[in-house]
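This report concerns only the one structure given below.
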Amino acid sequence: MTTSTDQELLSITLADGARRLRDGSVTSRQLTQAFLDRINATDEEVHVFVTVTGETALAEAAAADDLLARGDATAPLTGLPIALKDVLMTKGVRTTAGSRMLDNLVPPYDATVVSRLRDAGAISVGKTNMDEFAMGSSTEHSAWFPTANPWDLERVPGGSSGGSAAAVAAQQCIASLGSDTGGSIRQPASFCGVVGLKPTYGRVSRYGLIAFASSLDQIGPFTRTVEDAALLLQAIAGPDPLDSTCYDEPVPDFSAQLDRGLDGLKVAAPQEFFGDGMDDDVAATIEASLDLLAANGAVIDRSPSMPSVPMALPVYYILAPSECSANLARFDGVKYGYGARGGESMWSDMEATRQHGFGREVKRRILLGAYALSAGYYDAYYLQAQKVRTLIRREFDRVFAEHDVIVAPTAPTVAFKQGEITDPYQMYLNDIYTIPANIAGLPAISIPGGFGADGMPVGLQFVGQRLDETTLLGVANAYEQIARWPTTPSSNVGST
Ligand code: GLN
């Protein structure tokens, strides 16, 4: 049973938590224990955590309390409990990427984002469930179990970072990290009514992220507020000698424009993001959000056209599988992870390893990718997709020459029922509005934008210019402050 004081602690933000830890009105141990209790009370229903690291979390909380008591807590996130998608390497803590292939992987090192969060003082309560190797949009395709949506347990939380989104919505932690290759942060954020940010490609180090599609993958935060997303991004962003794809530029103050407001803001609403394919309830909710933006000083321009944007989804389903077929070649059962043994030869053991270690969707992607890259097809598929990718990038450049941000829906529907989508192509369509930003490498955020059918959350997406997360966060914060949508389910998960 949750007491009202616990209830108040569970809805805390990173910003509030940091203040309250410093003024002594709460301790990190109280906070961490409250979230661990909440995980205990709710995870039978929501199924978020592959691994809970309660003991180390409490030990780290005690250490944080000592620092706080001495006035030595200089790190900004000192003592604040967060969760990590199970695709991020964590030293000494099992890391599975939702796959049988990595059932027994206990990494000997931390991903850069993990060590940066530790340096910033944050405490991890555990590793969250995901679609296998981050391929999926529903978190039904984990090798372990499906995760539920805290707003309606019969529905999916979105994916592939569904565990990290559900953890924040179910109040099992204050914030979390996910990864976004084609929408895997923003779409689950939309389905679970929380904030999800995909930074600019190259803004955050991917060292220690189990790679899916290396020209698209980015790590980013799930939070309850835009202000918190800025704080978490601040902690993880910046150059890393261990990831040569990271920008070398100094990291700006991402909170600098949180109070910028909407006055005179030039917002593009390109036609291709508002065509057929969106459910009526989502369309109505997004329209209401555009009206709200306009009523508060933004100038909405619906005239831009981006004719190549509808090709982003097919381009993605050539490029991402191609890159995944190369990245996943390393899982051969020889050095680490699951390995079949005792066959006739090394080759038959490798075949058996991949046959049994990977799930159906992962195998489908590897096959698609190997086909697109094979001699005779490379020019027609992979090379052609790269050319269209360039066209899409240029269309974004053209729109941003005259506008500050782009506004769009995050997903075409609200969260669907578990088991409802069985056709892979239907599943892929979830990402029609999120994939373009990945293709162009641009920062994009999904924030709560209202409610659609059956009271389910609808996400509103903003896309920003390359490396301009500061403006993006400012605009998102302005909308959030005006709209003030609730970010926790009214249904009381775990109240019994
Ligand atoms: N749903 C998309 C896919 O299945 C995107 C996944 C992701 O962003 N990791 O590939």
Side-chain angles (χ1 to χ4, degrees), residues 85 87 97-99 101 130-139 141-142 158-162 178-188 196 198-202 204 206 209-220 245 308-331 354 358-374 377-393 396 410-411 421 423-442 444 463:
K85 185 176 182 180
V87 75
S99 182
M101 193 60 99
M130 55 183 282
D131 288 303
E132 184 175 5
F133 285 109
M135 297 168 198
S137 301
S138 66
T139 315
H141 301 118
S142 159
S160 65
S161 316
S179 64
D180 189 314
T181 306
S184 278
I185 292 175
R186 288 161 289 156
Q187 184 255 17
K198 182 198 90 73
T200 306
Y201 180 79
V204 176
R206 284 100 46 83
L209 167 74
I210 296 171
F212 166 9
S214 302
S215 79
L216 300 157
D217 298 338
Q218 260 299 287
I219 299 165
T245 63
S308 302
V309 155
M311 283 185 274
L313 187 86
V315 162
Y316 175 90
Y317 276 98
I318 301 288
L319 298 181
S322 297
E323 295 181 26
C324 110
S325 74
N327 273 328
L328 271 58
R330 73 191 63 170
F331 300 108
R354 291 168 71 80
F358 290 137
R360 281 174 70 85
E361 182 59 28
V362 173
K363 285 184 211 164
R364 179 180 295 120
R365 304 285 180 108
I366 293 172
L367 287 172
L368 283 171
Y371 183 82
L373 291 175
S374 58
Y377 294 104
Y378 178 91
D379 285 4
Y381 293 108
Y382 186 78
L383 199 62
Q384 191 69 12
Q386 290 289 24
K387 289 178 183 166
V388 181
R389 182 175 199 174
T390 303
L391 295 179
I392 295 169
R393 281 203 180 111
F396 274 108
T410 304
I421 298 186
D423 171 35
Y425 181 65
Q426 286 304 320
M427 193 64 93
Y428 299 169
L429 284 173
N430 268 281
D431 296 316
I432 44 171
Y433 303 130
T434 48
I435 280 175
N438 300 82
I439 296 293
L442 300 171
V463 183

To the nearest 0.5 Å, what is the distance between [atom1] ([X]) and [atom2] ([Y])?
X	Y	atom1	atom2	answer
Met130	Ser99	CE	OG	9.0 Å
Leu429	Ser137	CG	OG	9.5 Å
Lys85	Leu209	NZ	CG	8.0 Å
Lys198	Leu442	NZ	CG	7.0 Å
Gln386	Ile439	CD	CD1	8.5 Å
Met135	Leu328	CE	CG	5.0 Å

With sequence neighbours excluded, residues passing side-chain contact (heavy atoms from CB on, under 4.5 Å) with Leu383: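 Result, side-chain contact (heavy atoms from CB on, under 4.5 Å) vs Leu383: Tyr378, Asp379, Lys387.
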What pairs with Thr245 under side-chain contact (heavy atoms from CB on, under 4.5 Å), at least two apart in sequence or on another chain?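 So Thr245 forms a side-chain contact (heavy atoms from CB on, under 4.5 Å) with Tyr201, Arg206, Asp243.
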Could you tell me whether the side chain of Asp217 reaches within less than 4.5 Å of the side chain of Ser179, counting heavy atoms only?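 Contact flag for Ser179/Asp217 side chains = no.
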Name all residues meeting the side-chain hydrogen bond (donor to acceptor under 3.5 Å, both in side chains) criterion together with [X]; count only those two or more places apart in sequence or in a different chain, and write none if there are none.
X	answer
Ser138	Glu140
Gln384	none
Gln218	none

Which atom names give the shortest non-hydrogen contact between [X] and [Y], and what distance separates them?
X	Y	answer
Gly441	Thr200	O-CG2, 3.4 Å
Thr181	Ala213	CG2-CB, 3.8 Å
Gly162	Pro188	CA-CB, 4.2 Å

Set of ring-ring contact (aromatic ring centres under 6.0 Å, His included) partners for Phe133, sequence neighbours left out: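 With sequence neighbours excluded, Phe133 shows a ring-ring contact (aromatic ring centres under 6.0 Å, His included) to Phe331, Phe358, given in chain and number order.
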Could you pull out all residues at least two apart from Asp180 that satisfy salt bridge (Lys or Arg N to Asp or Glu O under 4.0 Å)?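 Asp180: salt bridge (Lys or Arg N to Asp or Glu O under 4.0 Å) contacts with Arg186.
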Hey, can you pull the donor-acceptor pairs under 3.5 Å for the side chains in residues 310-327, sequence neighbours left out?
| from | atom 1 | to | atom 2 | distance (Å) |
| --- | --- | --- | --- | --- |
| Ser322 | OG | Ile318 | O | 2.6 |
| Glu323 | OE1 | Ser214 | N | 2.7 |
| Glu323 | OE1 | Ser215 | N | 2.7 |
| Glu323 | OE1 | Ser215 | OG | 3.4 |
| Glu323 | OE2 | Ser215 | OG | 2.6 |
| Ser325 | OG | Ser322 | O | 2.8 |
| Asn327 | OD1 | Arg330 | NH2 | 3.1 |
| Asn327 | ND2 | Phe212 | O | 3.0 |
| Asn327 | ND2 | Ser214 | OG | 3.0 |

Evaluate the ring planes of Tyr377 and Tyr381, with Trp represented by its six-membered ring, and classify them as parallel (under 30°), tilted (30 to 60°) or perpendicular (over 60°).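 Tilted, since the angle between the ring planes falls between 30° and 60°.
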Is there a donor-acceptor contact under 3.5 Å from the side chain of Ser161 to the main chain of Ser184?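 Yes; judged by distance alone, with no hydrogens or angles, the pair exists.
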Gln187 side chain vs Thr410 backbone, donor-acceptor pair below 3.5 Å: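 Side chain of Gln187 to backbone of Thr410: no pair is present.
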Side chain to side chain contact (heavy atoms under 4.5 Å, CB included) partner of Met427, the single match among Asp423, Asp431, Asn430: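 That would be Asn430; it is the only one of Asp423, Asp431, Asn430 passing the side chain to side chain contact (heavy atoms under 4.5 Å, CB included) with Met427.
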What's the verdict on side-chain contact (heavy atoms from CB on, under 4.5 Å) for Asp131 and Glu361, showing C-alpha distance, side-chain angles and the deciding distance? CA-CA 9 Å; Asp131 288 303; Glu361 182 59 28; over 6 Å; no
